[in-house]
Amino acid sequence: MSTQEQQFEKTANAFIESLERYFNKLTKSPVETYAPFVKSPTDLILKECTGMIGIAGIKKGFIYISGDLAMFEEVIKTYVGYQHPQKNDMLDMAGELSNVVAGNVREVYGDDFLISVPVVFEGKPSNLHFPDDIPIYVVPMKWKTFEAYMVIGIQ
Amino acid sequence: MKLLIVDDSSMMRMTIEEHLQDYDLEIVGTAGNGKEALQMVIDLKPDVVTLDITMPEMDGLECLDEIMKINPDLKVMVITALSDKLTGLKALKKGAREYLYKPVTHEELKEGFDLLLDRK
């Protein structure tokens, strides 16, 4: 395995563990993740609702978690206990989920792993562009009956 | 006692609010960024603040610096996703009484409030 591949594996594992911790700890229902695969920046997978975090400092790039609104609705019902979330609440939860998953990676990389505030959006906005000079990996995930994706683009 | 909840996530603010029935706390305001929080500390004079760190306009650590200048006796509990030890230590050094790392369970929130309000 090359040094770049080893570095990516360390980073991917940090994000996957962070994602697993979130769902295991807060919902008591485990999340399953599957083998990451490479995607080009022009062909990324986006579902109904996405929370994205920009990354700077010791690592540069982004991470997003994209799922259907129903998944974030279920997270709210399970964790927050709010039984009638509206779409804005689900978008908020997508942002908060991505924030926590990214923020927890600081446990591995320290305080020079800088994260942005979350950006949330529905579908695929026409002005959305991803950098084409960093490797991008898609991590498929499944929580309860919901399929979603965590996408990691990091130098 | 008067409580100000500061977090840019409305769902986190709602989660924190859910835990207040057992405490003699009245929510006097909620804020979504540090700048808003600072103004609310001046206007509403809370006794207790829960404070996120990663927020737009002004982050929680900068906000904490400023609110400690206004009221060094304010009881602040930092609740953050930034789970490196240094961030927690920075918050304590700046005057926070407690800190919790997200993802935070309901039990951990209760434990945090118990410690913050000297109920343990």
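All chains are named by letter (A, B, ...) in the order of the sequence lines, taking the proteins before the strands, and each is independently numbered beginning at 1.
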* To do: Return the option, out of A:Tyr22, A:Tyr82, A:Tyr79, with the maximum number of heavy-atom pairs under 4.5 Å with chain B.
  =>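 With the most close heavy-atom pairs to chain B, the winner is A:Tyr79.
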Problem - Choice from A:Asn99, A:Asp92, A:Val80, A:Val100 maximising heavy atom contacts with chain B below 4.5 Å - result: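 Answer, by heavy-atom pair count under 4.5 Å with chain B: A:Asp92.
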Given side chain to side chain contact (heavy atoms under 4.5 Å, CB included), test B:Lys90 with B:Leu61 step by step and report yes or no.
CA-CA 8 Å; B:Lys90 268 188 199 170; B:Leu61 289 177; 4.1 Å; yes
Those residues of residues 48-64 of chain A that come under 4.5 Å of chain B on a heavy-atom basis, listed by number, are none
Bottom line for A:Ser116: the part with an atom under 4.5 Å from chain B's heavy atoms is backbone
When the 4.5 angstrom heavy-atom criterion is applied to A:Leu97 and chain B, the contacting part is neither
Thinking salt bridges, do [X] and [Y] make one under a 4.0 Å N-O criterion?
{"X": "B:Asp118", "Y": "B:Lys75", "value": "yes"}
{"X": "B:Asp7", "Y": "B:Arg13", "value": "no"}
{"X": "B:Glu107", "Y": "B:Lys110", "value": "no"}
{"X": "A:Lys77", "Y": "A:Glu73", "value": "yes"}

Heavy-atom contact with chain A under 4.5 Å, split by part of [X]:
{"X": "B:Glu108", "value": "side chain"}
{"X": "B:Thr87", "value": "side chain"}
{"X": "B:Leu86", "value": "side chain"}
{"X": "B:Lys85", "value": "neither"}

Classify the ring geometry between A:Phe146 and A:Trp143 as parallel (under 30°), tilted (30 to 60°) or perpendicular (over 60°).
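Correct class here is parallel.
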Discussion item. Within a 6.0 Å radius of atom NZ on B:Lys93, are there more than 12 heavy atoms belonging to other residues, nucleotides or ligands?
Written reply: no
Is the number of heavy atoms from other residues, nucleotides or ligands under 6.0 Å of B:Lys35 NZ greater than 12? no
### Message
Do B:Leu92 and B:Val48 land in one hydrophobic cluster if side-chain heavy atoms of ILVMFWY residues count as linked below 4.5 Å?
### Response
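B:Leu92 clusters together with B:Val48.
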For residues B:Lys102 and A:Glu96, determine if any side-chain heavy atom of one lies less than 4.5 Å from a side-chain heavy atom of the other.
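Contact flag for B:Lys102/A:Glu96 side chains = yes.
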